[in-house]
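Here the structure comes first, spelled out in structure tokens, and everything after it is commentary.
Start at 1 with the first residue, then count along the sequence. Worth knowing before you read on, the calculation uses all heavy atoms, side chains too, and leaves out hydrogens, waters and symmetry mates.
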Amino acid sequence: MLLKSSQPAASMVEIAQGYSRSFPDSPAAEYIKHRGLDSIATRMGLGYVAHPATGHEKQLGRLAVPYLRPAGGDHAVTTIRFRCINETCTKHPDGTWREEEVHAEHGKYQSLPGSKPMLYNTQALIRSSPYIGLAEGEFDAASAELADIPCPGVPGVASWRDHFDPAFLGYEVVFGFTDGDGPGEQFISKLAERLPNLVPIYFDKKYDVNRFVNEYGPQALREKCGLT
């Protein structure tokens, strides 16, 4: 027989808030600054797993990326994904940042057990705008937001689901940001069959939205999309 705990389990919101409080001056904050996202970190609720919640022990030392619901309240966080920021994976032995991270024997991201594919940054969907972006990955979505382009993200090219389609059909334009690789281009081609208002935005092979904005600035992304 299971004994009832005297302490109620922490909600997803409380867990995300705890990780957010651990973010300032943490290795996660240093990493996010390197990725050029420090100015938007608070808005996106980014955190650092310094004190793992029950069941999150394997996420110790990782960046916490909460999936926030626009309505807020008790159910404001639908899930949390965790990104490896271990220095052996992100930096060279001399302490300089790797251009390409090396995550040997483990995934770059980990999701909570039982999590289903869902859209990141759904706050973008309730902003009044004739256009919207659509990015592969959380960092690319956040980088587009730096350019004042509302932009949800999909956690991987295989994560699109049929029920995502209607959320994007009412916009004049959906900017489909694609990494300069085969899977990214295939993903955008697939979306173009589903979303007649999609306009592909391609990058050179070594770039994605985050790297492009980090190197050239937010205005360059707007110009690439034909926005002033």
Side-chain angles (χ1 to χ4, degrees), residues 13 15-52 56 59-70 72 76-92 94-103 108-110 119-124 127 132-155 175 177 179 201 203 206-225 227:
V13 172
I15 292 170
Q17 288 173 340
Y19 295 156
S20 180
R21 286 192 293 270
S22 297
F23 182 80
D25 301 318
S26 70
E30 179 192 13
Y31 179 77
I32 286 299
K33 184 176 182 179
H34 162 65
R35 299 299 295 262
L37 298 172
D38 47 317
S39 65
I40 202 172
T42 299
R43 173 179 154 192
M44 308 307 284
L46 301 181
Y48 176 65
V49 187
H51 307 287
H56 294 186
Q59 312 305 336
L60 178 66
R62 284 184 170 239
L63 170 72
V65 183
Y67 277 49
L68 305 177
R69 287 190 174 107
V77 179
T78 183
T79 192
I80 303 173
R81 295 188 81 214
F82 303 92
R83 184 184 176 100
C84 173
I85 55 171
N86 191 303
E87 288 193 355
T88 60
C89 303
T90 60
K91 291 183 178 182
H92 295 289
D94 64 1
T96 59
W97 294 101
R98 295 181 185 271
E99 186 171 341
E100 296 294 336
E101 297 178 10
V102 179
H103 297 273
K108 183 165 53 177
Y109 277 97
Q110 289 189 9
L119 293 172
Y120 175 70
N121 189 34
T122 52
Q123 302 101 310
R127 287 172 58 185
I132 196 166
L134 182 55
E136 179 195 345
E138 295 89 346
F139 285 2
D140 284 351
S143 299
E145 290 281 350
L146 290 176
D148 201 27
I149 299 174
C151 188
V154 182
F175 297 116
F177 298 116
D179 295 354
I201 304 296
F203 295 91
K206 73 171 187 174
Y207 287 99
D208 54 19
V209 183
N210 177 246
R211 184 170 293 182
F212 183 87
V213 171
N214 210 4
E215 185 166 333
Y216 298 108
Q219 183 58 33
L221 182 64
R222 292 187 64 81
E223 292 172 359
K224 191 172 182 65
C225 295
L227 303 171

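- Counting heavy atoms from C-beta outward, Pro152 and Thr122 have side chains that stay 4.5 Å or more apart.
- With sequence neighbours left out, Phe23 forms a ring pair (Phe, Tyr, Trp, His ring centres under 6.0 Å) with no residue at all.
- Every residue was checked against the side-chain hydrogen bond (donor to acceptor under 3.5 Å, both in side chains) condition with Asp140, not counting sequence neighbours, and none meets it.
- Shown here for Pro66 and Val77, the closest heavy-atom pair between the two residues is CB-CG1, 4.1 Å.
- Here Leu119 contributes atom CG and Leu134 contributes atom CG; the two are 7.5 Å apart, rounded to the nearest 0.5 Å.
- For Arg211, the salt bridge (charged side-chain N to carboxylate O under 4.0 Å, His left out) criterion is met by Glu99, Glu100, not counting sequence neighbours.
- Using a 4.5 Å heavy-atom threshold, the side chains of Glu101 and Thr90 count as touching.
- A salt bridge does not link Lys206 with Glu215: every distance from a Lys NZ or Arg NE/NH1/NH2 to an Asp or Glu carboxylate oxygen is 4.0 Å or more.
- Rounding to the nearest 0.5 angstrom, the gap separating the CZ atom in Arg83 from the NE2 atom in His103 is 5.5 Å.
- If you take CG on Asp148 and CG on Leu221, they are separated by 11.0 Å, rounding to the nearest 0.5 Å.
- No donor-acceptor distance shorter than 3.5 angstrom exists from the side chain of Asp208 to the backbone of Phe177, with no hydrogens or angles considered.
- More than 12 non-hydrogen atoms from other residues, nucleotides or ligands lie less than 6.0 angstrom from CD of Gln123.
- Ring geometry for Tyr216 versus Tyr207: interplanar angle of 30 to 60°, hence tilted.
- The distance from atom CD1 of Ile85 to atom NZ of Lys91, rounded to the nearest 0.5 Å, is 10.0 Å.
- In this structure, Phe139 and Tyr109 have perpendicular ring planes: the angle between them is above 60°, well past the 30° mark.
- Interatomic distance, CZ of Arg21 versus OG of Ser26, reported as 14.0 Å (0.5 Å rounding).
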Side-chain atoms of residues 37-51: list all donor-acceptor pairs with protein atoms under 3.5 Å, sequence neighbours left out, distances to 0.1 Å.
{"from": "Arg43", "atom 1": "NH2", "to": "Glu145", "atom 2": "OE1", "distance (Å)": "2.5"}

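- Between Glu138 and Arg81, at least one side-chain nitrogen of the basic residue sits less than 4.0 Å from a carboxylate oxygen of the acidic one, meeting the salt-bridge criterion.
- Between Val65 and Ile80, every side-chain heavy-atom pair lies at or beyond the 4.5 Å cut-off.
- Minimum heavy-atom separation, Cys151 to Ala144: CB-CB, 3.6 Å.
- To the nearest 0.5 Å, atom CZ of residue Phe175 and atom CD1 of residue Ile132 are 11.0 Å apart.
- The side-chain hydrogen bond (donor to acceptor under 3.5 Å, both in side chains) check on Gln59 picks up Gln110, with sequence neighbours excluded.
- Under the rule for a ring pair (Phe, Tyr, Trp, His ring centres under 6.0 Å), the partners of Phe203 that lie at least two apart in sequence or sit in another chain are Phe212.
- When all heavy atoms are compared, the tightest approach of Cys84 to Cys89 is SG-SG, 3.8 Å.
- Shortest non-hydrogen contact noted between Asn210 and Ser143 is ND2-OG, 2.9 Å.
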